Amino acid sequence: MIGMSGARVVIVGQGYVGLPVAMRACEAGFDVVGLDVDEDRIDLLQSGKSFIDDVDDERLAAALATGRYLPTTEHAELLGFDFASVCVPTPLHDGAPDLSYIEDAARALSTHISPGCCVVLESTTYPGTTEEIFVPILESGSGLRAGADFYVGYSPERIDPSNPTWKFHNTPKIVSGVDPESLRVVRDFYDQLVEVTVPVLGTREAELAKLLENTFRHINIALVNELAVFSHGLGVDVWSVLDAAASKPFGFMRFSPGPGVGGHCLPIDASYLSWQVRRSLGQEFRLVDVANDVNKHMPDYVVARATEHLNRRRKSVNSSDVLLIGLTYKANSGDARNSPSMAVAERLVRLGADLRAVDPLIDPDEVPPHVRLVGFDADQISQSDLIIVLTDHDMLDWALLERYADRVLDTRNRLRSPQVERF
């Protein structure tokens, strides 16, 4: 067991996944090195400034004050680690997984591996990555053998930014190892950080379980998104339909439509699974491909509905004053990664709309060109030809918006006035 006293833990990647892990490890009593290649990010962390929703400045300051949390870009600080967790991005490039960040992290760790240490991959990826790509790099750089000389496992992240209930410590955590002893060591470590660990048969099963979780969500969101499109055409209130179906206490799980999917996971993870099935088996994962198509085109549907709304008022999109409510991908979060709101904004700009946006949580540097970030007040609302609700942050004054309901297209069913146009 990797005990707390004197144990050195390295968390590679200090973003939405790695920083909460680092904070929890520090709070559990470990000496923690938070490694990241982004110098600006590390400068912020060293100065006590957090840039993610789930770690506030006070929590970061407390970790720094212990003297047991070191945010750094220096690979020399990896020396002598007992446990390392890799929490780096795994984006898609031209439809194929980009594992370069995982490979770089493995190379950086490999020269500092010592007998008895443990390395775990947390980044989302396709089945086989840990044993076919990650382990060979670790072994090549260290001259040691995984399982025989050091331990290796896979434990997929389950971070849901800004979720008020489920945080890193109380979300059950899947753990796996390349052999039984590795699994034991990985589980022993995470048992000190989280309330429940869930051991699985092997790393491939853990990798696929992560993809299944998000593919399940992706496909069901696509189902209700397409249902929303067809319900509008049929003159049916999709929200009433969802409320009615959700009254069933078994065999149904509610998902809500919206302008598309965003964040790091949903737009990407299902494509990882589809890509691996196509590459390894020569077959198409048809449900994933259909879901990708539906969710990818939801911003187009939002713009079509906006155009329809303006046309009824004898206005064109070109030169209309459009106010977007929310630019991040989910409510109460500043995370703008792959946000469908951005895609809506880009399409409206191409059609000549004059765009303003309200979002008190987004980093102003994330706001797309030709979109002006403004405050949420009566003047900004009253001068708009159309207001589109894309992300429904709780902190906004929704009662104020209700007064101008006849000019609102609400993709989130946030407003209750009968004059509001909903999906």
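Given the structure is predicted, the values throughout are model-derived calculations rather than measurements.
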Taking it one step at a time, do Phe285 and Tyr272 satisfy ring pair (Phe, Tyr, Trp, His ring centres under 6.0 Å)?
CA-CA 11 Å; Phe285 203 139; Tyr272 262 61; over 10 Å; no
Pairs under 3.5 angstrom only: tabulate donor-acceptor contacts from the side chains of residues 249-259 to other protein residues two or more places apart or in another chain.
| unit_1 | atom_1 | unit_2 | atom_2 | d |
| --- | --- | --- | --- | --- |
| Arg254 | NH1 | Asp243 | OD1 | 2.5 |
| Arg254 | NH2 | Asp243 | OD1 | 3.3 |

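- When each of Thr411, Ile221, Val229 is tested with Met298 by the rule side-chain contact (heavy atoms from CB on, under 4.5 Å), just one qualifies, namely Val229.
- Arg158 places a side-chain N or O within donor-acceptor distance of the main-chain N or O of Pro172, the cut-off being under 3.5 Å.
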Just list the side-chain donor-acceptor pairs under 3.5 Å for residues 83-90, sequence neighbours left out, or say none.
| unit_1 | atom_1 | unit_2 | atom_2 | d |
| --- | --- | --- | --- | --- |
| Ser85 | OG | Glu122 | OE2 | 3.1 |
| Thr90 | OG1 | Thr124 | O | 2.7 |

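- No side-chain N or O of Ser123 forms a donor-acceptor pair with one of Glu157 less than 3.5 Å apart.
- Between Val175 and Val200, the closest side-chain pair of non-hydrogen atoms is not below 4.5 Å.
- One finds the CD1 atom of Ile102 at 7.5 Å from the CD1 atom of Ile133 (value rounded to the nearest 0.5 Å).
- Across all non-hydrogen atoms, the minimal contact from Val186 to Cys118 is CG2-SG, 3.7 Å.
- Asp40 contributes atom CG, which lies 7.0 Å from atom CG of Leu44 (distance to the nearest 0.5 angstrom).
- Using a 4.0 Å cut-off between charged side-chain N and carboxylate O, Asp300 and Arg347 make a salt bridge.
- Residues passing the side chain to side chain donor-acceptor pair (under 3.5 Å) test with Asp363: none are found, sequence neighbours excluded.
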Tell me, with the steps shown, if Glu139 and Arg145 meet salt bridge (charged side-chain N to carboxylate O under 4.0 Å, His left out).
CA-CA 6 Å; Glu139 291 180 332; Arg145 286 191 305 142; over 6 Å; no
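- Once rounded to the nearest 0.5 Å, the distance linking OH of Tyr69 with CD of Glu27 reads 11.5 Å.
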Report the C-alpha distance between Lys173 and Asp191 in whole Å, list the side-chain angles of each, state the deciding distance to 0.1 Å, and finish with yes or no for salt bridge (charged side-chain N to carboxylate O under 4.0 Å, His left out).
CA-CA 9 Å; Lys173 187 154 183 58; Asp191 275 340; over 6 Å; no
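- The two residues Ser114 and Phe150 make their nearest non-hydrogen contact at O-CB, 4.1 Å.
- The side chain to side chain donor-acceptor pair (under 3.5 Å) search around Arg356 returns Asp321, Gln380, Ser384, not counting sequence neighbours.
- Looking at Glu181, its side chain never comes within 3.5 Å of a backbone N or O of Gly147 through a donor-acceptor pair.
- Ser339 and Leu327 make their closest contact through OG-O, 2.7 Å (heavy atoms, listed as atom of the first residue, atom of the second, distance).
- Across Ile388 and Ala306, no two heavy atoms sit closer than the pair CD1-CB, 4.0 Å.
- When atom types are taken as modelled, the side chain of Ser417 and the backbone of Glu402 share no donor-acceptor pair closer than 3.5 angstrom.
- Distance alone, capped at 3.5 Å, places no donor-acceptor pair between the Asp149 side chain and the Leu144 backbone.
- For the atom pair Leu273 CG and Thr215 OG1, the distance stands at 5.0 Å (nearest 0.5 Å).
- When only modelled atom types and interatomic distance are considered, His370 and Asp354 share no side-chain donor-acceptor pair under 3.5 Å.
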Between Asp54 and Arg24, does the salt bridge (charged side-chain N to carboxylate O under 4.0 Å, His left out) criterion hold? Intermediate values first, please.
CA-CA 11 Å; Asp54 293 334; Arg24 183 68 190 123; over 6 Å; no
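- A 6.0 Å sphere centred on CD of Gln383 holds more than 12 heavy atoms belonging to other residues, nucleotides or ligands.
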Tell me, with the steps shown, if Thr72 and Leu35 meet side-chain contact (heavy atoms from CB on, under 4.5 Å).
CA-CA 5 Å; Thr72 182; Leu35 181 72; 4.2 Å; yes
Is there a salt bridge (charged side-chain N to carboxylate O under 4.0 Å, His left out) between Asp335 and Lys330? Walk through the geometry before answering.
CA-CA 7 Å; Asp335 191 348; Lys330 65 178 294 188; over 6 Å; no
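- Between Arg8 and Glu77 there is a salt bridge, since at least one side-chain N of the basic residue sits less than 4.0 Å from a carboxylate O of the acidic one.
- Between Arg305 and Glu421 there is a salt bridge, since a side-chain N of the basic residue sits under 4.0 Å from a carboxylate O of the acidic one.
- Checked against the 6.0 Å centroid criterion, the rings of Phe51 and Tyr16 do not qualify as a close aromatic pair.
- Distance check: Asn332 CG to Asp394 CG gives 4.0 Å after rounding to the nearest 0.5 Å.
- The two residues Pro127 and Glu207 come nearest to each other via the heavy atoms CA-OE1, 3.1 Å.
- Other residues, nucleotides and ligands contribute more than 12 heavy atoms inside 6.0 Å of the NZ atom of Lys167.
- Of the N and O atoms on the side chains of Ser333 and Asp53, at least one donor lies less than 3.5 Å from an acceptor on the other residue.
- Between Leu193 and Phe189 the shortest side-chain heavy-atom distance falls below 4.5 Å.
- No donor-acceptor pair under 3.5 Å is formed between the side chain of Asn170 and the backbone N or O of Trp166.
- Remark: the backbone N or O of Val317 is not paired with any side-chain donor or acceptor of Asp385 at under 3.5 angstrom.
- Judged by distance alone, the side chains of Thr197 and Arg187 do bring a donor and an acceptor atom under 3.5 Å apart.
- Salt bridge Asp56/Arg59: absent, no basic N to carboxylate O contact under 4.0 Å.
- Nearest heavy atoms, Pro71 versus Leu64: CD-CD2, 3.9 Å.
- Looking at Arg278 and Asp289, their side chains come closer than 4.5 Å, going by heavy atoms from C-beta outward.
- Looking at Thr203 and Glu131, their side chains do bring a donor and an acceptor atom within 3.5 Å of each other.
- At least one donor-acceptor pair under 3.5 Å links the side chain of Ser382 to the backbone N or O of Asp379.
- Proximity of a side-chain donor or acceptor of Asp57 to a complementary backbone N or O of Ser50 within less than 3.5 Å is detected.
- Scanning for ring-ring contact (aromatic ring centres under 6.0 Å, His included) contacts around Tyr126 gives Trp275, with sequence neighbours left out.
- Under the 4.5 Å side-chain criterion, counting only non-hydrogen atoms from C-beta, Val371 is in contact with Pro368.
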Run the side-chain contact (heavy atoms from CB on, under 4.5 Å) check on His218 and Glu213 step by step: do they pass?
CA-CA 9 Å; His218 189 55; Glu213 294 170 13; over 6 Å; no
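- Residues that satisfy the side chain to side chain donor-acceptor pair (under 3.5 Å) test with Arg41, not counting sequence neighbours, are Asp36.
- With rounding to the nearest 0.5 Å, the separation of CZ in Arg107 from CD1 in Ile137 is 5.0 Å.
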Under the ring pair (Phe, Tyr, Trp, His ring centres under 6.0 Å) criterion, do Tyr301 and Phe423 qualify, and how do the steps go?
CA-CA 10 Å; Tyr301 178 67; Phe423 263 20; 5.4 Å; yes
